[in-house]
Undergrad: 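Just dropping this structure here.
Each chain gets a letter, A, B and so on, in the order the sequences are listed, and its residues count up from 1. Reckoned from all heavy atoms, side chains included, excluding hydrogens, waters and symmetry mates. Keep in mind that this is a model prediction, so the values were computed, not measured.
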Amino acid sequence: MATKTNTIERNGHSAKSSTLREICARAITKSEWEDKEEFLDVIYWSRQVFGIFLGVIWGIVPLKGFLGLVLFAGISCGIVYLYAINFQNVDEDAYGGVWELIKEGFMTSFAGFLVTWIIFYTGLHYDAIMAAKGS
Amino acid sequence: MWSDTILIVFISVCTAFLGEGLTWVMVYRTEKYQKLKTEVEKQSKKLERRKEIHGDSLDKAVKKKIERDEEKLKNNNRDLSLVKMKTMFATGFAFTALLSMFNSIFDGRVVAQLPFTPISWIQGLSHRNLSGDDYTDCSFIFLYILCTMSIRQNIQKLLGFAPSRAASKQGVGLFGPAPGQFK
C-alpha cells in the first residue's frame, strides 16, 4: 500500500501507478520499466528481504569470519547485477550506470543481514561458542 | 541469549517509530514542510531531466539556466533543513537520554556473540564497556546501531518519509549535507 502511495506521489498522477501485486508480477517476469523509481524500489525491497534471508542461513550454518561478509557482498551485488542487466535487460545508463543499481539499498540490507546473522548465530550456537571459548 | 537480542530489536523498532512519529507530528504534517518538499522534488526532477538533455551542451544560456535552477534548489533545501532543525534538536536530546538509559541497563553485558572479529576502528563500538579482550563479544550499542541503520531507514521508506532519489542525487539533502552517504 505504501509503495502504491509513494508511486502516486512521485508520478504526480495516479493513472500510471501500479498496485503492489502488479509490481511483484512484473518483477518476477521480464518486463518493461517505464518508471525508473518503481524498478529501483523493486531492487531495494527484494534486497532487504534477501539480506535477512542470507543472515538467517549464515546464522544457521553457521558461517564465521570475514568469509561470511565477503560472500554476502559478492552474492548480493552479483544477483542484483544479473537480475537487472541479464534478466530484466534494463539500460544501465538510464539509471546513471551499473554502480547506481548495485549500490541501491546495499547498506541497509547489509545492516539487516548483520543483525539477523548475529542474532541467529548467537541464539542457535551459544553453548557451542562458549564451550569452544572455554577450552 | 535470544531474549537480549530480540529485546534490542524491539527497542530499536520502538524508537524508530517514536522518532518518525514525533517528526511527523512536528514536521512532516505541517503545510510548510509539505509545500517545500513537493517543490524540492519537482525542481530536482526538472534539473535532472535538464542535465540529461543538455548534459554536454556548451551553450552558455542553458548553463546559466541550470545554474539558476541549482541555486533555487539549494535555497529551498536550506529552508527545508531549517524547518527540520528544531525538531531534530528536540528528538536528538530525547534519544540521547533514552540511549544513555538503555546503555546503563546493558552496561558491561555481552548481548551477543559476533560471528566475525570486527576491524580495529569498529572494536571501540562493538566492545564498548565490556571487559576482557575477546573482540567477538558484542555490546548493546553495536547491535542497537546496526538495528537502527536497517529498521529506521526501512520504516522511513515504508511510510514515504525518506527523501526522494531525485533529490538525493542532486547532492542536496533534506536531512543533511550528503543524503546518499548511508545508502
Side-chain angles (χ1 to χ4, degrees), chain A residues 1-12 36-37 40-41 44-45 48-49 51-52 55 58-59 61-70 93-96 100 103-130 132-133, chain B residues 1-9 12-13 34 37-38 41-42 44-45 48 51-52 55 110-119 122 126 132 134 136-138 142-162 164-169 180-183:
Chain A
M1 193 62 209
T3 312
K4 186 182 176 186
T5 322
N6 288 349
T7 317
I8 293 170
E9 277 171 11
R10 276 196 298 266
N11 286 340
K36 284 195 280 180
E37 294 283 324
L40 289 173
D41 277 344
Y44 181 90
W45 287 114
Q48 305 312 309
V49 176
I52 290 171
W58 270 212
V61 171
L63 261 177
K64 278 191 261 184
F66 197 57
L67 176 76
L69 298 170
V70 173
D93 292 329
Y95 292 86
E100 290 293 325
K103 74 177 190 188
E104 177 64 34
F106 178 78
M107 275 317 280
T108 325
S109 83
F110 184 59
F113 157 76
L114 280 181
V115 169
T116 40
W117 186 21
I118 293 169
I119 290 177
F120 275 81
Y121 174 77
T122 310
L124 294 175
H125 307 283
Y126 186 71
D127 294 334
I129 299 164
M130 284 301 136
K133 278 186 180 179
Chain B
M1 259 343 239
W2 287 98
S3 55
D4 277 352
T5 47
I6 303 292
L7 179 64
I8 293 170
V9 173
S12 176
V13 172
Q34 283 175 356
K37 197 183 173 202
T38 323
E41 277 178 18
K42 225 164 61 188
S44 302
K45 281 202 168 161
E48 203 183 325
K51 273 183 178 172
E52 263 172 33
V110 178
V111 296
Q113 295 296 320
L114 296 176
F116 54 92
T117 313
I119 44 174
I122 292 184
S126 69
D134 179 4
T136 56
D137 286 347
C138 177
F142 185 64
L143 195 58
Y144 177 77
I145 287 175
L146 280 181
C147 285
T148 306
M149 261 173 82
S150 140
I151 292 166
R152 184 131 198 212
Q153 192 157 0
N154 282 336
I155 286 175
Q156 271 186 350
K157 215 167 168 65
L158 210 61
L159 300 175
F161 295 154
S164 79
R165 291 190 182 91
S168 304
K169 223 176 164 184
Q181 65 184 345
F182 296 116
K183 279 197 169 181

Undergrad: Rounded to the nearest 0.5 Å, how far apart are CD of A:Q48 and NZ of B:K157?
TA: 9.0 Å
Undergrad: With heavy-atom distances below 4.5 Å as the criterion, would you say the side chains of A:K64 and B:T136 are in contact?
TA: no
Undergrad: Exactly one of A:L114, A:L63, A:L67 should register a side chain to side chain contact (heavy atoms under 4.5 Å, CB included) with B:F116. Which one does?
TA: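 Going through the options one by one, the only one that passes is A:L114.
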Undergrad: Quick check on A:I129 against chain B: is it the side chain, the backbone, both or neither that has a heavy atom closer than 4.5 Å?
TA: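 Just the side chain, heavy atoms under 4.5 Å.
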Undergrad: Would you say the side chain of A:H125 lies within less than 4.5 Å of the side chain of B:Q113, judging by non-hydrogen atoms?
TA: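 No, their side chains stay 4.5 Å or more apart.
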Undergrad: Any non-hydrogen side-chain atom of B:L146 less than 4.5 Å from a side-chain atom of A:I118?
TA: yes
Undergrad: In terms of heavy-atom pairs under 4.5 Å with chain A, which of B:A112, B:C147, B:S3, B:P115 leads?
TA: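 The answer is B:P115.
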Undergrad: In Å and rounded to the nearest 0.5 Å, what is the CH2 to CG distance from A:W45 to B:N154?
TA: 4.5 Å
Undergrad: With rounding to the nearest 0.5 Å, note down the distance linking CG in B:L143 to CD1 in A:I119.
TA: 5.5 Å
Undergrad: Sort out for me which of A:G123, A:G51, A:G59 touches chain B most, counting heavy-atom pairs under 4.5 Å.
TA: A:G123
Undergrad: Any heavy-atom pair between the side chains of A:L124 and B:W2 that's under 4.5 Å?
TA: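 The answer is yes, as the side chains (C-beta and beyond) meet within the 4.5 Å cut-off.
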Undergrad: Find out whether B:T5 and A:Y121 are in side-chain contact, i.e. whether some heavy atom of one side chain is under 4.5 Å from a heavy atom of the other.
TA: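 Contact flag for B:T5/A:Y121 side chains = no.
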Undergrad: At a heavy-atom separation under 4.5 Å, does A:F110 approach chain B through its side chain, its backbone, both, or neither?
TA: neither
Undergrad: At what distance, to the nearest 0.5 angstrom, does CG of B:D137 lie from NZ of A:K133?
TA: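 These two atoms lie 4.0 Å from each other.
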Undergrad: Could you tell me which non-hydrogen atom of B:M149 sits nearest to which non-hydrogen atom of A:T108, and how far apart they are?
TA: O-CG2, 3.8 Å
Undergrad: Relative to chain B, which segment of A:L40 carries a heavy atom at a distance below 4.5 Å: side chain, backbone, both, or neither?
TA: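 Interface part for A:L40: both.
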Undergrad: For a quick test of reading the model, state the closest non-hydrogen atom pair linking B:S150 to A:G112 and the distance between them.
TA: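 Minimum heavy-atom separation between B:S150 and A:G112: CB-N, 3.5 Å.
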